[in-house]
Amino acid sequence: MTPQELAHALAQILAANFAARGGDAAEIAVTEQDTQLERPKNREHGDWASNVAMKFAKRIGTNPRALAEELVVEIEKIDGVAKAEIAGPGFMNITLDAASAGETARRVVEQGADYGRNDVLAGQRINLEFVSANPTGPLHMGHTRWAALGDSTARVLRASGAEVTNEYYINDAGSQMNKFGRSVLAAALGEEAPEDAYPGEYIQTLGAQVREQLPNLAELAAEDRDAALEQTQELAYQLQLAEIKDSLERFNVHFDVYFSERTLHAKGENGEPSPIELSIDRLREQGHVFEEDDAIWVRTTDFGDDKDRVFTRGNGIYTYFAADAAYYLSKMDRGFTEKIYLLGADHHGYIGRLTAIAGAAGDNIETDITVLIGQMVNLDGAKLSKRAGNIIELTDLLEWLGADALRYWLARYPADSPLSLDGEKVRSRTNDNPVFYVQYAHARTCAVDRNAEAAGITREAFAPELLTHETETDLLGKLQQYPGIVAGAAELREPHRIARFLEELAAVYHRWYDNCRVIPLGEEPVTDLHRTRLWLNDAAGQVLRNGLDLLGVSAPERL
RNA sequence: GCCUUGGUAGCUCAGUGGAUAGAGCACUUCUCUCCUAAAGAAGGUGUCGGAGGUUCGAUUCCUCUCCAGGGCACCA
């Protein structure tokens, strides 16, 4: 009996109760969402608790306790339910019989890596854009947070049935790229940096690489400065982008699409209009375009933006917003039902205009676009900025802290909470480091497995009714919660829920390990209890592994 | 000024209208001849920033307010 099955049964009981009073069950429209059960904090409150009696009493036309009294009678008839009691103002506390709860261990083992997968987002095609850092420098701490959160979000969405494309938008057009090119060229030629140059040391490194790969650069620059700049800029861009991609892969973050802004500006082979040019026509057809002061505008205020936005400037040049619009249309054309943008708080001013683009393009701004804003992250109190030059690169972080610890720590907090991390704590291999606490629990399940095998304990017998120890029902309860946790994390786009769950699961597992032996002591005989516990041990290991995988964190068999 | 995100234990932070608001750390004690002590057990901690409101019930929702971060370009 899973909480999902219980919720389903409860919904039917509630609807039947209403129907029996002469009501139209459709009128109160009970769903499993309404009857979802929670795991009570206090174990005296049973295995699962429901508050539906309080929620529905008024609608049904009675009072909570009276309704609960009728419901518990029916709940107790459910196969697998040991008892149901009323408590407090109308809570119903449900206790499962041990065999029914224990079934979970076998279910988890049999479903393996699929345990936890669900279909709450089935049928959705989601475009998830994140990181999208300019290719003018290495990724820093802020990008690293979005990389960890974005990739974990994608994994959680997929586990809940969505089809997800991870996308990185490359701002490879425009003045920042020119500035980048001039900075690297000066470095390559050994000249003094231009006044507005990028300050980071990586510019010097890129300059050296360019000099090496373009041996005639100095001559070319003397002859044709623009040509030298163009070649330098292109090469530096490719080098930098490759470095970004490489560091992301090492961070276990994979993008399905790297989308170049240039492709939006590019005309067709035979001079066909560019995607940006086409997009203005499409928005005009929708009736949201107007001209004023020589500029072409989109009336984004029709969709809640705080001001209208310029598409084409008075001098005929497209704004960045124009590229954003064309990019959005590209996502639409590629058939995504929902476009999610994961942006840093410094981009929060984009929400209005991005949403407005969606509306102007004819999308539903409530359901087809989601802009998630993440707050800044500090490491050891230092705020890092690429432009200021005091960067800590992703590659440095990987070396210092390791991909697992970094991903775990960055994914364990909601995106909208400002975060300050203590580098030494992230790095520590002690029990005050949750990533090691969770990984250790997993490694322990593997150690038990190895020892069980050596002791000749197999999973040939499974007697779930024997799993009656307090720590066993706790552990089973946690395992039963997992699919719901994944579904909730997906619906809310909050992968940190996975991490928090894993920490709880690890704690319950350690407690169980301390109380219940899988391998008998000394000369004691192996019984079905030991064999059944092996199933439970393996189930715990499986869920720890599945959860860590959603966070992109490894689950070592030994630490 | 306007928009936006935070304010929860000494610290870092969880908490999708429910029962006595939680976890880890820090502090004090215990527990390894026996499956990994990177673990477990015990000990106390709160004006949930403040004031109103909605509700049977508010840390959670609404309004106002105080404090802090971020944002308000025919820049990219």
Side-chain angles (χ1 to χ4, degrees), chain A residues 33 36 38 40-42 44-45 49 51 54-55 57-58 63-64 87-91 93 134 136 171 173-179 261 292-297 306-307 309-321 323 344-352 373-376 378 383 412-422 425 428-434 436-437 439-441 443-452 454-455 457 488 491-492 494 496-497 499-500 503-504 506-507 509-522 524 530 533-534 537 558-559:
Chain A
Q33 195 74 25
Q36 268 184 5
E38 68 170 31
K41 282 168 268 185
N42 186 339
E44 286 167 22
H45 295 157
N51 61 5
M54 289 179 286
K55 241 169 164 171
K58 193 176 275 181
N63 69 69
F91 288 101
N93 296 329
N134 287 356
T136 54
N171 293 123
S175 66
Q176 290 300 316
M177 283 301 289
N178 296 330
K179 182 170 135 182
E261 181 189 351
E292 192 177 292
D293 302 334
D294 298 330
I296 298 175
W297 299 67
D306 51 2
K307 60 189 69 164
R309 303 289 168 177
V310 172
F311 196 99
T312 309
R313 285 187 271 170
N315 58 15
I317 295 173
Y318 294 108
T319 60
Y320 194 77
F321 172 74
D346 54 339
H347 284 70
H348 114 271
Y350 281 50
I351 299 175
I373 295 299
Q375 294 296 309
M376 297 302 173
N378 294 327
K383 189 168 290 180
R412 109 180 252 269
Y413 303 94
D416 54 13
S417 111
L419 187 56
S420 45
L421 293 184
D422 176 344
K425 191 172 269 185
S428 73
R429 308 184 126 265
T430 59
N431 65 344
D432 61 347
N433 192 343
F436 284 102
Y437 183 76
Q439 285 183 320
Y440 177 63
R444 214 175 211 188
T445 66
C446 296
V448 169
D449 252 348
R450 291 190 294 267
N451 293 320
I457 301 168
E491 288 179 310
L492 297 165
E494 292 186 346
H496 75 277
R497 289 168 186 276
R500 301 294 170 158
E503 289 164 32
E504 291 168 11
Y509 175 77
H510 285 310
R511 221 171 291 137
W512 172 73
Y513 173 92
D514 264 23
N515 284 280
C516 300
R517 295 191 57 92
V518 173
I519 292 130
L521 282 173
E524 288 175 26
H530 298 111
R533 280 177 176 166
L534 183 60
N537 176 76
R558 298 170 195 270
L559 285 184

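Per chain, numbering begins at 1; letters A, B, ... match sequence-line order.
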Subject >> Contact summary for A:Val310 and A:Ala295, nearest pair of heavy atoms >> reply: CG1-CB, 4.2 Å

Subject >> Ring center gap for A:Tyr513 and A:His510 short of 6.0 angstrom >> reply: no

**OP:** Report the residue (A:Ser417 or A:Arg444) whose heavy-atom-nearest nucleotide on RNA chain B is the more 5′ of the two.
**Re:** A:Ser417

Subject >> Selected nucleotide, minimal atom distance to A:Asp416 side chain, candidates B:G6, B:G70, B:C74 >> reply: B:G6

Subject >> Euclidean distance for P, B:U31 against B:G15 (whole angstrom) >> reply: 37 Å

Original post:
What does A:Ala173 touch in the nucleic acid at a heavy-atom separation under 4.0 angstrom: a base, only the sugar-phosphate, or nothing?
Top reply: sugar-phosphate

Original post:
A:Ile373 near the nucleic acid: base, sugar-phosphate alone, or nothing, with a heavy-atom cut-off under 4.0 Å?
Top reply: nothing

Original post:
Are A:Ser420 and B:C13 close enough that a side-chain N or O sits under 4.0 Å from OP1 or OP2?
Top reply: yes

Subject >> Cation-pi check, A:Arg500 onto A:Tyr413 ring (under 6.0 Å, within 45° of axis) >> reply: yes

**OP:** May I ask you to verify whether the side chain of A:Asn178 and the base of B:A76 hold a donor-acceptor pair under 3.5 Å?
**Re:** no

**OP:** Using the P atoms only, state how far B:C61 lies from B:C25, rounded to an integer number of Å.
**Re:** 30 Å

**OP:** Please confirm whether any donor atom in the side chain of A:Asn51 sits under 3.5 Å from an acceptor in the base of B:G18, or the reverse.
**Re:** yes

Original post:
What closest approach, in Å, do A:Pro64 and A:Pro89 show between heavy atoms, and which atom pair accounts for it?
Top reply: CB-O, 3.5 Å

Original post:
Whole Å only: how far is the OH atom of A:Tyr320 from the C1' atom of B:C74?
Top reply: 16 Å

Original post:
Taking a pair as Watson-Crick or G-U wobble with both distances under 3.5 Å, which nucleotide is matched to B:C25?
Top reply: B:G10

**OP:** Pick the P atom in B:C11 and in B:G52, then give their distance to the nearest Å.
**Re:** 27 Å

Original post:
Which of these nucleotides, B:U20, B:U12, B:C74, is closest to any side-chain atom of A:Tyr413?
Top reply: B:U12

**OP:** Return the nucleotide paired to B:G52: Watson-Crick means purine N1 to pyrimidine N3 with N6-O4 or O6-N4, wobble means G-U with N1-O2 and O6-N3, both under 3.5 Å.
**Re:** B:C62

Original post:
Salt bridge check: are A:Arg517 and A:Asp514 linked by an N-O gap of less than 4.0 Å?
Top reply: no

Original post:
Base, sugar-phosphate, or nothing for A:Ile317, non-hydrogen atoms under 4.0 angstrom?
Top reply: nothing

Original post:
What is the pairing partner of B:G1, taking Watson-Crick or G-U wobble pairs with both distances under 3.5 Å in any strand?
Top reply: B:C72

Original post:
Does A:Tyr513 stack onto the base of B:C35, taking stacking as ring centres under 5.5 Å apart and planes under 30° apart?
Top reply: yes

Original post:
What is the glycosidic conformation of B:C11: syn, defined as within 90° of 0, or anti?
Top reply: anti

Subject >> Minimum-distance nucleotide to A:Pro418 side chain [options: B:G6, B:A76, B:C35] >> reply: B:G6

Original post:
Between A:Asn171 (side chain) and A:Glu261 (backbone), is there a donor-acceptor pair under 3.5 Å?
Top reply: no

Subject >> Main-chain N/O of A:Glu44 paired to A:Asn42 side chain as donor or acceptor, under 3.5 Å >> reply: yes

Original post:
Among the nucleotides B:C25, B:A39, B:G22, which one has an atom lying closest to any side-chain atom of A:His510?
Top reply: B:A39

Original post:
According to the Watson-Crick and G-U wobble definitions, with both distances under 3.5 Å, which nucleotide is paired to B:U33?
Top reply: none

**OP:** Heavy atoms only: give me the nearest A:Tyr509-A:Ala441 pair and the separation to one decimal.
**Re:** CE2-O, 3.7 Å

Original post:
Taking the side chain of A:Lys307 as its heavy atoms from C-beta onward, which of B:A73, B:G15, B:A37 lies nearest to it?
Top reply: B:A73

**OP:** Tell me which nucleotide among B:C25, B:G15, B:C13 gets nearest to the side chain of A:Arg497.
**Re:** B:G15

Original post:
Any N or O donor-acceptor pair linking the side chain of A:His348 to the base of B:C72 at under 3.5 Å?
Top reply: no

Original post:
What interatomic distance, in whole Å, is found between P of B:G17 and the corresponding atom of B:U33?
Top reply: 49 Å

Original post:
Reckon A:Asp449 touches a base, only the sugar-phosphate, or nothing at all at heavy-atom distances under 4.0 Å?
Top reply: nothing

Original post:
NA contact type, A:Ala452, heavy-atom cut-off 4.0 Å: base, sugar-phosphate, or nothing?
Top reply: nothing

Original post:
Any idea which of B:C35, B:A76, B:A19 is nearest the A:Ala87 side chain?
Top reply: B:A19

Original post:
For A:Tyr437 and B:G40, is the shortest distance between a side-chain N/O and OP1 or OP2 below 4.0 Å?
Top reply: yes

Original post:
On a whole-Å scale, what distance lies between the P atoms belonging to B:U60 and B:A21?
Top reply: 15 Å

Original post:
OP1 or OP2 of B:C56 sitting under 4.0 Å from any side-chain N/O of A:Lys58?
Top reply: yes

**OP:** May I ask you to say what A:Asp294 touches in the nucleic acid, namely base, sugar-phosphate or nothing, with a heavy-atom cut-off under 4.0 Å?
**Re:** nothing

Original post:
On a whole-Å scale, what distance lies between the C1' atoms belonging to B:C72 and B:G10?
Top reply: 38 Å

Original post:
Taking OP1 and OP2 of B:A76, is either one under 4.0 Å from a side-chain nitrogen or oxygen of A:Arg313?
Top reply: yes

**OP:** Starting at atom NE2 of A:His347, determine the distance to atom P of B:C3, rounded to an integer number of angstrom.
**Re:** 22 Å

